[in-house]
Amino acid sequence: MGLIDAGFVTPTRGARNALRFTFQDLMLMRTAHELRQAHVSPRKILRSLRRLKSTLPQELPITGLRVTAIGDNVTVRDRQGHWEVDSGQLVMDFEVAPVQGSIAFLQMSVQERDAAEAGPESWFARGAQWEIDDPARAEAAYRRALSLAPDYVDAYLNLGAMLCEAQRCGEAVELYDRALQYCPDSALMHFNHAIALEDQGRLAEAVASYELSLELDPTLADAHFNVGRLEEQLGDARGALRHFSAYRRLSS
């Protein structure tokens, strides 16, 4: 209510006179709550936010900033830097560590900075480069790419293939299960999922996954061949013949 009275949030009234807040209102109230969790007094929060609002240009919304607490002081981080609201003093961020009794300032190396700023495509390229000579490093790069882009199809495919080649088929199945939540329309994802299931001896599930890949791309000749082979093992001669015929037709 203090935020409402101070004009920081302006809810409308809904059914039965209930308060209705915008997404930006909720974000600002969450910020105020985090400041209270940091043991900043409500009076200081309102005073600091009021002072902050009075210094901002009209076109810059207060919720576009990151408002935090250092000790009992309210601070703001924006594109211009990190500063204290009440005094306007800049807050300097230093990471320090003792070295033989003195203080040393730690700086990122060029390589560390490049890695921190790299996007998913860059991590994917690194993974592809390291696959043969350094599989562990390649796996870490693919996983980093996926952490940045959870729908990165090629990263899933390459990493899953690596896991299967390393006889880690259970991990590959789990990876593809997660991948299909983000990439359900990838025929190759279903195809590779089927291969991993087959390697685990889960033949009926593998057949179902191959069939899903063929629904998305009926021209996948290898999927027809694999389904035919599995259905032959499972005793479905008619189904096997149908898929073998499709394989020969597509391969001719």
Side-chain angles (χ1 to χ4, degrees), residues 21-31 33-34 61 63-68 77-79 108-220 222-223 226-227:
F21 296 94
T22 66
F23 179 74
Q24 287 190 340
D25 288 341
L26 294 176
M27 292 295 290
L28 190 140
M29 288 191 291
R30 187 182 71 175
T31 297
H33 174 70
E34 290 174 352
T63 49
L65 307 175
R66 179 60 179 168
V67 183
T68 55
R77 186 186 299 274
D78 62 12
R79 293 180 180 179
M108 278 188 173
S109 67
V110 174
Q111 293 83 359
E112 290 172 330
R113 186 175 65 250
D114 290 345
E117 296 174 353
E121 294 82 4
S122 178
W123 283 107
F124 175 80
R126 296 178 192 195
Q129 178 184 350
W130 293 330
E131 266 196 36
I132 297 177
D133 297 329
D134 197 341
R137 201 176 181 190
E139 178 180 342
Y142 286 137
R143 292 192 185 279
R144 177 61 174 160
L146 290 171
S147 71
L148 296 171
D151 58 349
Y152 202 147
V153 172
D154 289 343
Y156 283 118
L157 295 176
N158 285 19
L159 177 56
M162 283 185 61
L163 294 175
C164 283
E165 289 174 6
Q167 304 301 311
R168 295 161 61 187
C169 299
E171 293 178 57
V173 170
E174 292 178 2
L175 176 75
Y176 289 131
D177 285 340
R178 184 169 72 252
L180 288 169
Q181 297 176 18
Y182 296 98
C183 320
D185 298 328
S186 170
L188 286 177
M189 197 75 74
H190 287 284
F191 179 84
N192 282 23
H193 187 213
I195 291 175
L197 288 167
E198 186 178 348
D199 287 344
Q200 281 202 303
R202 297 160 63 176
L203 303 189
E205 292 175 77
V207 168
S209 197
Y210 281 129
E211 294 282 9
L212 286 172
S213 73
L214 288 169
E215 287 180 15
L216 292 166
D217 185 359
T219 67
L220 280 176
D222 288 343
N226 288 0
V227 174

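Everything numeric here is computed off the predicted structure, so don't read it as measured data. Note that these values count all heavy atoms, side chains included, but never hydrogens, waters or copies made by symmetry.
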Rounded to the nearest 0.5 Å, what's the gap from [atom1] on [X] to [atom2] on [Y]? Could you check?
| X | Y | atom1 | atom2 | answer |
| --- | --- | --- | --- | --- |
| Gln167 | Asp199 | CD | CG | 7.5 Å |
| Arg168 | Glu174 | CZ | CD | 11.0 Å |
| Ser213 | Asn192 | OG | CG | 9.5 Å |
| Gln200 | Ile195 | CD | CD1 | 13.5 Å |
| Leu146 | Asn158 | CG | CG | 10.0 Å |
| Cys183 | Met189 | SG | CE | 4.0 Å |

Give me the atom names and distance for the closest heavy-atom approach of [X] to [Y].
| X | Y | value |
| --- | --- | --- |
| Ser209 | Leu197 | CB-CD1, 4.2 Å |
| Cys169 | Ala196 | CB-O, 4.1 Å |
| Pro184 | His190 | O-NE2, 3.0 Å |
| Ala172 | Gly160 | CB-O, 3.9 Å |
| Ala145 | Pro120 | CB-O, 3.5 Å |

If the plane angle is over 60° it's perpendicular, under 30° parallel, otherwise tilted; pick one for Phe124 and Tyr142. tilted

Are any of the side-chain heavy atoms of Pro135 and Trp130 separated by less than 4.5 Å? no

Measuring centre to centre across the rings, with the benzene-like ring taken for any Trp, is Phe191 within less than 6.0 Å of Tyr210? yes

Verdict with reasoning, Tyr156 to Tyr182, per side chain to side chain contact (heavy atoms under 4.5 Å, CB included): CA-CA 11 Å; Tyr156 283 118; Tyr182 296 98; 3.6 Å; yes

Identify whether the distance between the nearest side-chain nitrogen and carboxylate oxygen of Glu139 and Arg143 falls below 4.0 Å. yes

Scan Leu188, Leu175, Leu212, Leu180 and name whichever one has a side-chain contact (heavy atoms from CB on, under 4.5 Å) with His193. Leu180

